[in-house]
Structure formats: structure tokens, C-alpha cells
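Below: the structure, in C-alpha cells.
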Amino acid sequence: MVPDLPIGHPDYGRAVPCRCRIQELQARRLRSLQSISMVEGLKRLTFETFHPEPSHLPPDKQVNLRRAYETCVNFAANPEGWLLLTGGYGCGKTHLAAAIAHARLAMGQPAIFMVVPDLLDHLRATFGPQSELAYDELFEELRNAPLLILDDLGAQASTPWAQEKLFQLLNHRYNAQAPTVITTNQRFDELDPRLRSRLQDVELVNHVLILAPDFRTGKASGQSDLSTLHLHQDQTFESFDAARKDLSPEERANLREVVRRCLDYSESPHGWLVLMGASGCGKTHLAAAIANRYVERTRTDVMFVVTPDLLDYLRSAFNPQSVTPLDRRFDEVKRAPLLVLDDLGAESATPWAREKLFQLLNFRYTALLPTIITTSADPKQIDPWLRTRMMDTNRCQYLAIIAPGYRGALSQQDTRSRKTTRR
């Protein structure tokens with residue numbers, strides 16, 4: 001079709017496809033894209049076949065997986081911006097990404113699902129004489145796809161050509177704010193710096209970290225089972241006895257004030273909270289109560305770890321059979337949304353242990369990341385670098401519990417007696 005244009009118009013005399021021809025071309029291109037999309041081979045991966053709260057997971061990881069599932073369901077209903085799914089091998093990233101594609105297709109909306117190495121192979125194949133699609137045509141369709149889902153970013157060979165093509169593709173979609181889903185088990189610092197900066201744009205990208213272990217093997221891969229919050233489910237504010245009969249009025253008043261401030265902190269964790277007191281006085285119970293209340297209220301992940309266990313976990317990275325390097329293990333704890341470091345001071349005070357604790361706590365102190373520390377150590381026994389941070393009233397609440405240990409005390413014996421009577 002030749003439009004009726006005045007002489008001198010830039011398009012005068014130039015043939016252009018009619019509207020029906022344009023629609024036909026678009027449909028043909030979409031069919032070509034769908035033919036290379038992998039979603040047809042993943043028909044079983046839907047939201048209906050995904051188990052967001054498997055019984056074998058501890059409660060904190062169930063909450064995390066449920067949150068990831070709900071985020072993906074909401075994105076499928078209204079895809080806006082970018083959705084980044086990260087986590088270890090087999091944690092459910094690909095299942096959720098494929099489920100988004102199936103949900104969109106079921107609505108009659110286009111969605112392209114590609115594994116990144118396969119995508120690059122398809123681009124390379126367009127240079128072959130047998131290719132049905134020209135390189136420019138395929139690349140243009142990918143850049144402007146209504147919804148593009150890229151699975152396993154970082155699994156590709158990092159050649160200069162591959163890095164260039166991925167950057168061009170994602171940079172175009174970033175600038176256009178085109179709906180895009182990306183899954184990866186790579187850390188940010190392992191990705192191309194240009195992609196990393198775009199993936200960390202919180203204005204456009206919704207980043208969901210999945211903490212579930214590998215569903216295929218039942219073992220963690222890339223994420224640990226270090227957090228033991230699930231072992232403290234019964235330690236809540238409701239089960240804490242702040243009115244112990246064996247306490248003096250001063251000790252009881254102190255304990256009630258500590259509980260009140262812990263409750264306040266659980267509502268809005270900010271900076272550090274240090275609980276200091278004798279062994280068995282309730283420090284761990286209160287720290288777990290904060291964590292449990294916070295998880296229940298915000299459905300946000302919490303890392304609860306005993307200090308000697310943390311150091312053992314980091315040391316195990318030096319084992320030749322370890323699949324997780326030290327820096328990744330360390331980063332997992334360092335950047336936890338809420339960290340509870342229980343029993344600080346019970347660890348072996350080797351130079352290496354001190355160095356790791358300094359790196360961990362100095363980072364969280366500087367970044368103002370919510371951190372709870374329990375310790376039985378006298379302040380004078382704590383390393384000066386840590387003591388000065390604990391005493392910084394601008395960033396830390398230091399709560400000293402003056403009550404003696406609860407275990408074996410009259411209050412505990414009283415409680416046991418009442419339980420026995422009820423039975």
C-alpha cells in the first residue's frame with residue numbers, strides 16, 4: 001500500500017504494509033518467538049502445582065517461600081517493572097517464573113520464557129543460512145516483548161559478545177521499564193557491573209530472595225540452614241514470665257522495662273539491640289520473641305544464630321567438599337534483613353574469629369541494619385571496638401538484665417508444679 005502523501009513528504013511514493021498486514025507480521029513474529037520459548041516444555045510448572053508452604057521447611061522458610069509465591073502471583077496479574085528472583089539451586093525460582101508465563105498465556109497475553117544460555121544460542125543461530133529469523137528481527141522482538149522472562153542469568157559463558165548482547169537487551173528494557181522477570185543463583189558481585197547496577201535499582205526492580213533448600217535433593221544449595229529460629233517457636237512475649245516471684249521489686253521492675261523495650265523494638269527494628277545479663281536470665285527468650293513477632297507481623301526473614309555456630313559455619317567453607325565459598329556464606333549473614341547473634345562471647349577468641357566478627361558487626365553497624373546481640377560477658381571483657389559500638393546510644397539500645405538465672409529458680413519450679421497439677 002502506498003499512502004496518499006504530498007510531494008516532498010519524506011515517505012512520498014514509499015510502500016508500507018497495511019494495518020491487516022502489520023497485524024499478520026506481528027502475529028508471525030510472535031509465533032516465531034513462541035516457537036523458541038521454552039515455556040511449552042514446562043507445562044507442569046504452574047502456580048497450581050507449586051507448594052508455597054511445604055511441611056518439611058521450618059516456619060521462617062515457609063513464610064519466605066509463601067511471600068515469594070504471592071509476589072509472583074501478583075506480578076502475573078499485573079506485570080509492571082522488573083521482578084528478580086534469587087536463591088540457591090532448586091529452590092523454586094524457575095517454577096515460579098514459568099508459572100508467571102503460563103498465567104499470562106492463559107489470560108491471552110504474550111509471554112516469552114527463555115533460559116539465558118539458550119537465548120544466546122538462538123541469537124548466534126540467526127547468523128546461519130537456514131535461520132527463519134534474521135538476527136536484527138529476533139533481537140528487536142526480544143527487546144520489545146510485552147513480557148520477557150529470563151531464567152538462570154549468570155549460567156551463560158561470559159564471553160565479551162554474550163555480555164554485550166545481554167547488556168543491550170536488558171538496558172533497552174530497563175530504559176523502557178518493560179515488564180521483565182529474571183532468575184539467578186549468582187550474587188550481585190558476580191554479575192556484569194552494568195547489569196548489577198540496574199538490578200539494584202529499587203525504584204524498578206522488586207528483588208525476592210528465596211531461602212528454601214534444593215527441592216530436588218532436600219539439601220540447601222547456596223543458602224544454608226544456619227538460622228535456628230524454628231527451634232525457638234515457643235519463645236514468645238506471651239510465654240515470657242516477667243513477674244517472677246523469686247525476684248526483688250527492683251529486679252522485677254528492670255525485667256518489665258526490658259520486656260517493654262523489646263516489644264517496641266519488635267514493632268520497628270532499627271539499629272542494634274544488646275541484651276546483657278547472667279546465663280539463663282531470659283536474653284535468648286526475648287531475642288527469639290522479637291524475631292518471632294517480627295516474622296509474624298512483616299513476613300520478613302530473620303537470621304537467628306548462636307555465635308560459636310556461626311564461626312563453625314564460616315570455617316566449614318574451607319572444607320574441599322564445600323559447595324559454598326566463604327564469601328557467599330559470610331554475605332548471607334552480613335546482609336540478613338534482621339540478624340540475631342546469640343551468646344556473643346561464648347566463642348573461641350582466636351584472631352580469625354575476632355576478625356570475622358569485626359567485619360560482620362562493623363558492616364551492620366555502619367549500614368544501620370537491625371541486629372540483636374545477647375551476651376553474658378561483662379562490658380569490660382568485650383573487645384574495645386565492639387564495646388564502643390554497643391555503647392553508642394544513637395545506634396544501639398543497651399539493655400542490662402539484672403535478674404538472676406531463671407533455670408532452677410523458684411519461679412521455674414513453680415511453673416513445673418502447676419503443669420504437673422494440670423495433668
Side-chain angles (χ1 to χ4, degrees), residues 60-61 63-64 67-68 84 86-87 187-189 196-197 199-203 205-211 222-224 226-229 232 261-276 283-284 286-307 309-311 313-314 326-345 347 353-375 382-383 385-399:
D60 56 330
K61 288 185 173 59
V63 167
N64 168 264
R67 185 184 63 172
L84 174 63
T86 65
R187 294 187 312 163
F188 281 126
D189 58 10
R196 181 170 69 236
S197 68
L199 291 173
Q200 292 179 310
D201 182 353
V202 295
E203 296 294 326
V205 182
N206 184 5
H207 177 199
V208 177
L209 170 63
I210 301 176
L211 300 177
Q223 294 293 334
S224 75
L226 178 61
S227 179
T228 57
L229 182 59
H232 301 270
R261 293 179 65 176
C262 287
L263 268 167
D264 290 344
Y265 187 87
S266 71
E267 294 299 318
S268 180
H270 183 74
W272 287 15
L273 178 71
V274 177
L275 296 170
M276 191 280 290
K283 305 184 301 297
T284 297
L286 287 172
I290 295 172
N292 286 322
R293 175 69 64 88
Y294 186 66
V295 168
E296 180 184 359
R297 188 175 63 82
T298 68
R299 302 177 73 84
T300 300
D301 312 303
V302 173
M303 174 69 75
F304 188 106
V305 59
V306 180
T307 305
D309 292 344
L310 166 63
L311 294 170
Y313 172 72
L314 295 178
L326 174 64
D327 56 347
R328 179 170 288 192
R329 290 175 182 261
F330 194 61
D331 204 56
E332 175 191 0
V333 182
K334 189 169 73 171
R335 300 181 186 277
L338 174 61
L339 173 65
V340 180
L341 199 56
D342 192 33
D343 222 359
L344 181 71
E347 71 282 355
R354 286 177 172 171
E355 176 189 327
K356 292 299 120 185
L357 286 174
F358 172 77
Q359 289 176 307
L360 169 64
L361 292 173
N362 187 62
F363 175 85
R364 296 189 67 86
Y365 172 83
T366 303
L368 274 176
L369 291 174
T371 306
I372 302 170
I373 298 172
T374 77
T375 182
I382 296 174
D383 284 342
W385 66 263
L386 180 54
R387 184 170 65 244
T388 58
R389 286 161 176 77
M390 285 181 171
M391 300 302 175
D392 181 354
T393 56
N394 291 322
R395 299 191 177 203
C396 178
Q397 297 183 61
Y398 186 90
L399 306 180

Quick check: do Met391 and Tyr398 have side-chain heavy atoms less than 4.5 Å from each other? yes
Rounded to the nearest 0.5 Å, the OG1 atom of Thr371 sits from the OH atom of Tyr365 at a distance of 12.0 Å
Going by side chain to side chain donor-acceptor pair (under 3.5 Å), name the residues that satisfy it together with Lys334, two or more places apart in sequence or in a different chain. none
List the steps, then state whether side-chain contact (heavy atoms from CB on, under 4.5 Å) holds for Ser227 with Leu211. CA-CA 11 Å; Ser227 179; Leu211 300 177; over 6 Å; no
Pairwise distance OG1(Thr374) to CG(Leu344) - rounded to 0.5 angstrom: 8.0 Å
Are any of the side-chain heavy atoms of Val333 and Leu310 separated by less than 4.5 Å? yes
Considering only heavy atoms from C-beta outward, does the side chain of Ile373 approach that of Cys396 to under 4.5 Å? no
Would His232 and Thr284 count as having a side-chain donor-acceptor pair, cut-off 3.5 Å? no
What pairs with Arg389 under salt bridge (Lys or Arg N to Asp or Glu O under 4.0 Å), at least two apart in sequence or on another chain? none
Leu399 vs Leu286 side-chain heavy atoms within contact, under 4.5 Å: no
If the condition is ring pair (Phe, Tyr, Trp, His ring centres under 6.0 Å), which residues does Phe358 pass it with, not counting sequence neighbours? Trp385
Side chain proximity check, Asp392 to Trp272, heavy atoms < 4.5 angstrom: no
Can you tell me how far NZ of Lys61 sits from CD1 of Ile210, rounded to the nearest 0.5 angstrom? 13.0 Å
Can you tell me if Thr375 uses its side chain to pair, donor with acceptor, with the backbone of Met276 under 3.5 Å? no
Could you pull out all residues at least two apart from Gln200 that satisfy side chain to side chain donor-acceptor pair (under 3.5 Å)? none
Side-chain heavy atoms of Val340 within contact of Ile290, under 4.5 Å: no
With Tyr294 as partner, the option from Ser268, Pro337, Pro269 fulfilling side-chain contact (heavy atoms from CB on, under 4.5 Å) is Pro269
Residues that Tyr265 engages under side chain to side chain donor-acceptor pair (under 3.5 Å), provided they are two or more places apart: none
On a heavy-atom basis, the closest approach of Asn64 and Leu209 is ND2-O, 2.8 Å
By side chain to side chain donor-acceptor pair (under 3.5 Å), which residues pair with Asn292, not counting sequence neighbours? none
Between atom CG of Leu361 and atom CE of Met390, what is the distance when rounded to the nearest 0.5 Å? 7.5 Å
Would you find a donor on one side and an acceptor on the other, under 3.5 Å apart, between the side chain of Thr228 and the backbone of Val305? no
Of all residues at least two apart in sequence or in a different chain, which pass the salt bridge (Lys or Arg N to Asp or Glu O under 4.0 Å) check with Asp309? none
Ignoring hydrogens and geometry beyond distance, is a side-chain donor-acceptor pair present between Asp343 and Thr307 at under 3.5 Å? no
From CE (Met303) to CG (Leu226), nearest 0.5 Å: 5.0 Å
Residues that Arg354 engages under salt bridge (Lys or Arg N to Asp or Glu O under 4.0 Å), provided they are two or more places apart: Asp383
Just to verify, what does Asp331 make a salt bridge (Lys or Arg N to Asp or Glu O under 4.0 Å) with, not counting sequence neighbours? Arg335
Listed partners of His270 passing side-chain contact (heavy atoms from CB on, under 4.5 Å), at least two apart: Leu368
Once side-chain contact (heavy atoms from CB on, under 4.5 Å) is applied, do any residues pair with Leu369, and if so which ones, sequence neighbours excluded? Phe363, Arg364, Ala367
All pairs passing salt bridge (charged side-chain N to carboxylate O under 4.0 Å, His left out) where residues 264-276 contributes a residue, at least two apart: Arg260-Asp264, Glu267-Arg293, Glu267-Arg297
If every non-hydrogen atom of Leu360 is compared with every non-hydrogen atom of Phe330, which pair is closest and at what distance? N-CZ, 3.5 Å
Could you grab the distance from atom CG of Leu84 to atom NE2 of His207, nearest 0.5 Å is fine? 4.5 Å
